[in-house]
Undergrad: 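Okay, handing you the structure first.
Any value given below was found using the heavy atoms of this structure, including those in side chains, with hydrogens, waters and symmetry copies removed.
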Amino acid sequence: MRERFPLMELHDLPADIRERIVQVQEKSGFIPNVFLALARRPAEWRAFFAYHDALMLREGGSLTKGEREMIVTATSALNQCLYCVVAHGALLRVYEKKPRLADQVTINYRKADLPPRQRAMLDFAVKVSQHSAQVEDADCQALQAHGFDDEDIWDIIAITAFFGMSNRIANATGLLPNPEFYLLGRIPRQPRAD
């Protein structure tokens, strides 16, 4: 499938998309493949990353960046999305600074060294991912007992649903993670020689 849907070339992209991708490249040292894969349709690229940023960079609420990445990593693992598990597992390692925990969440969050609050969050996210028609008010009440409010619960639902879509696109198009993701957050980052 990768041959059918090749990554776009940076120089072929509209200026606004190219500028955003270059910013990501300057910050991370590489261009994540998802940016070039989705750029085949600029309007969808813009909508995708606008919603991504609204969910993952949202100010307010009690979810940390690391917890947001836990949701993505745990649910992407259940969806067997290699790209998202590797890429967001790397971001989880970076934000939480706990490589072992990130690997545990990637493989089986139920066996991970998580506090009850985060385990409840992931239990709910998994239910949304795998059995959304069975979500009930009691599920939300269980989260509230761990200090999540309704906006946090909405975040968990929206992040899970958005990345469920992303998982399916990545899986069906054969999108592979960049090699850089595999070591990100595992070894100290080398300073760039400018």
Undergrad: Look up atom CZ in R68 and atom CG in L92, then write down how far apart they are to the nearest 0.5 Å.
TA: 14.0 Å
Undergrad: Show your reasoning for whether side-chain contact (heavy atoms from CB on, under 4.5 Å) applies to I21 and L10.
TA: CA-CA 8 Å; I21 292 174; L10 190 59; 3.6 Å; yes
Undergrad: Given the rule in the side chain to side chain donor-acceptor pair (under 3.5 Å) test, do N108 and Q104 qualify, once you have shown the distances and angles that lead to the verdict?
TA: CA-CA 6 Å; N108 183 352; Q104 291 171 345; over 6 Å; no
Undergrad: For V86 and N178: C-alpha separation, side-chain torsions, deciding distance, then whether side-chain contact (heavy atoms from CB on, under 4.5 Å) applies.
TA: CA-CA 9 Å; V86 172; N178 303 65; over 6 Å; no
Undergrad: According to the interplanar angle, ranging from 0 to 90°, do the rings of W45 and F49 count as parallel (below 30°), tilted (30 to 60°) or perpendicular (above 60°)?
TA: tilted
Undergrad: Can you check side chain to side chain donor-acceptor pair (under 3.5 Å) on R117 and S62, steps first, answer last?
TA: CA-CA 11 Å; R117 178 183 188 276; S62 72; 2.7 Å; yes
Undergrad: Is there a side-chain contact between R18 and D12 (heavy atoms, below 4.5 Å)?
TA: no
Undergrad: Quick one: closest heavy-atom pair of A112 and L101, and the distance?
TA: CB-CD1, 4.0 Å
Undergrad: Which heavy-atom pair separates L143 from A120 by the least distance, and what is that distance?
TA: CD2-O, 3.6 Å
Undergrad: Taking a hydrophobic cluster as the set of Ile, Leu, Val, Met, Phe, Trp and Tyr residues connected by side-chain heavy atoms closer than 4.5 Å, whether directly or through intermediates, do M56 and I157 fall within one such cluster?
TA: yes
Undergrad: Quick one: closest heavy-atom pair of A39 and L13, and the distance?
TA: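 Shortest heavy-atom separation between A39 and L13 comes out as CB-CD2, 3.5 Å.
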Undergrad: Measure from the side-chain N and O atoms of D149 to the backbone N and O of E151, and report whether any donor-acceptor pair falls under 3.5 Å.
TA: yes
Undergrad: Can you name the closest pair of heavy atoms from F48 and S166 and give their distance?
TA: CZ-OG, 3.9 Å
Undergrad: Are the side chains of L78 and Q130 in contact, using a 4.5 Å heavy-atom criterion?
TA: yes
Undergrad: Is there a side-chain contact between Q141 and E136 in this structure, where contact means two heavy atoms from C-beta onward sitting under 4.5 Å apart?
TA: no
Undergrad: Got a sec, which residues hit side chain to side chain contact (heavy atoms under 4.5 Å, CB included) with A125, two or more places apart in sequence or on another chain?
TA: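 Expected list: I71, T75, I156, T160.
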Undergrad: Could you go through Q144 and D150, starting from their C-alpha distance and side-chain angles, then the distance that decides it, and tell me whether this counts as side-chain contact (heavy atoms from CB on, under 4.5 Å)?
TA: CA-CA 8 Å; Q144 288 172 324; D150 285 346; 3.2 Å; yes
Undergrad: Can you name the one residue among V34, L176, N33 that meets side-chain contact (heavy atoms from CB on, under 4.5 Å) with L7?
TA: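 Exactly one option meets the side-chain contact (heavy atoms from CB on, under 4.5 Å) with L7, and it is N33.
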Undergrad: At what distance, to the nearest 0.5 angstrom, does OH of Y95 lie from NZ of K65?
TA: 4.5 Å
Undergrad: What verdict does the side-chain contact (heavy atoms from CB on, under 4.5 Å) test give for F5 and L175, after you've listed the backbone C-alpha separation in whole Å, the side-chain angles of each residue and the deciding distance to 0.1 Å?
TA: CA-CA 9 Å; F5 301 109; L175 183 61; over 6 Å; no
Undergrad: Can you hop from L55 to F35 via hydrophobic side chains spaced under 4.5 Å?
TA: yes
Undergrad: Test the R119-Y109 pair against the cation-pi criterion, namely NZ or CZ under 6.0 angstrom from the six-membered ring centroid and within 45° of the ring axis.
TA: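 R119 over Y109 ring: no.
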Undergrad: Walk me through whether Q80 and N167 qualify under side chain to side chain donor-acceptor pair (under 3.5 Å).
TA: CA-CA 8 Å; Q80 299 179 357; N167 296 161; over 6 Å; no
Undergrad: In a check of side-chain contact (heavy atoms from CB on, under 4.5 Å) between E96 and each of L91, V105, T64, which one passes?
TA: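 Testing E96 for a side-chain contact (heavy atoms from CB on, under 4.5 Å) against L91, V105, T64 leaves exactly one candidate, T64.
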Undergrad: Test ring-ring contact (aromatic ring centres under 6.0 Å, His included) on H88 and Y83 and set out the steps.
TA: CA-CA 8 Å; H88 291 278; Y83 185 90; 7.6 Å; no
Undergrad: Please report the shortest heavy-atom distance between V72 and S76, naming the atom on each side.
TA: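 Here V72 and S76 meet closest at O-OG, 2.7 Å.
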Undergrad: Under 4.5 Å between side-chain heavy atoms, hopping through other hydrophobics if needed: is there a path connecting W154 to M121?
TA: no
Undergrad: Is there a path of hydrophobic side-chain contacts, each under 4.5 Å between heavy atoms, that joins L184 and V85?
TA: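 No, L184 does not connect to V85 through the hydrophobic network.
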Undergrad: Can you confirm whether V126 sits close enough to R110 that some side-chain heavy atom of one is under 4.5 Å from a side-chain heavy atom of the other?
TA: yes
Undergrad: If you draw a 6.0 Å radius around CZ in R100, do more than 12 non-hydrogen atoms from other residues or ligands fall strictly inside?
TA: no
Undergrad: Which of parallel (below 30°), tilted (30 to 60°) and perpendicular (above 60°) describes F181 and F30?
TA: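 Plane angle over 60°, so perpendicular.
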Undergrad: Working to the nearest 0.5 angstrom, can you tell me the gap between I31 CD1 and Q23 CD?
TA: 12.0 Å
Undergrad: Heavy-atom count around K127 NZ within 6.0 Å, excluding the residue itself: above 12?
TA: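 Count over threshold, so yes.
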Undergrad: Which residues satisfy the side chain to side chain contact (heavy atoms under 4.5 Å, CB included) test with R46, sequence neighbours excluded?
TA: P14, D16, I17, P42
Undergrad: Measure from the side-chain N and O atoms of D139 to the backbone N and O of F124, and report whether any donor-acceptor pair falls under 3.5 Å.
TA: no
Undergrad: Is there a side-chain contact between P6 and R40 (heavy atoms, below 4.5 Å)?
TA: yes
Undergrad: Contact between L114 and M70 at the side-chain level, heavy atoms closer than 4.5 Å - yes or no?
TA: yes
Undergrad: Could you tell me whether the side chain of R168 reaches within less than 4.5 Å of the side chain of F163, counting heavy atoms only?
TA: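 No, every pair of side-chain atoms sits at 4.5 Å or beyond.
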Undergrad: Regarding R186 and D103, does a basic nitrogen lie under 4.0 Å from an acidic carboxylate oxygen?
TA: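 Yes, charged N to carboxylate O under 4.0 Å.
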Undergrad: If you take all heavy atoms of A102 and R93, which pair is closest and at what distance?
TA: CB-CG, 3.2 Å
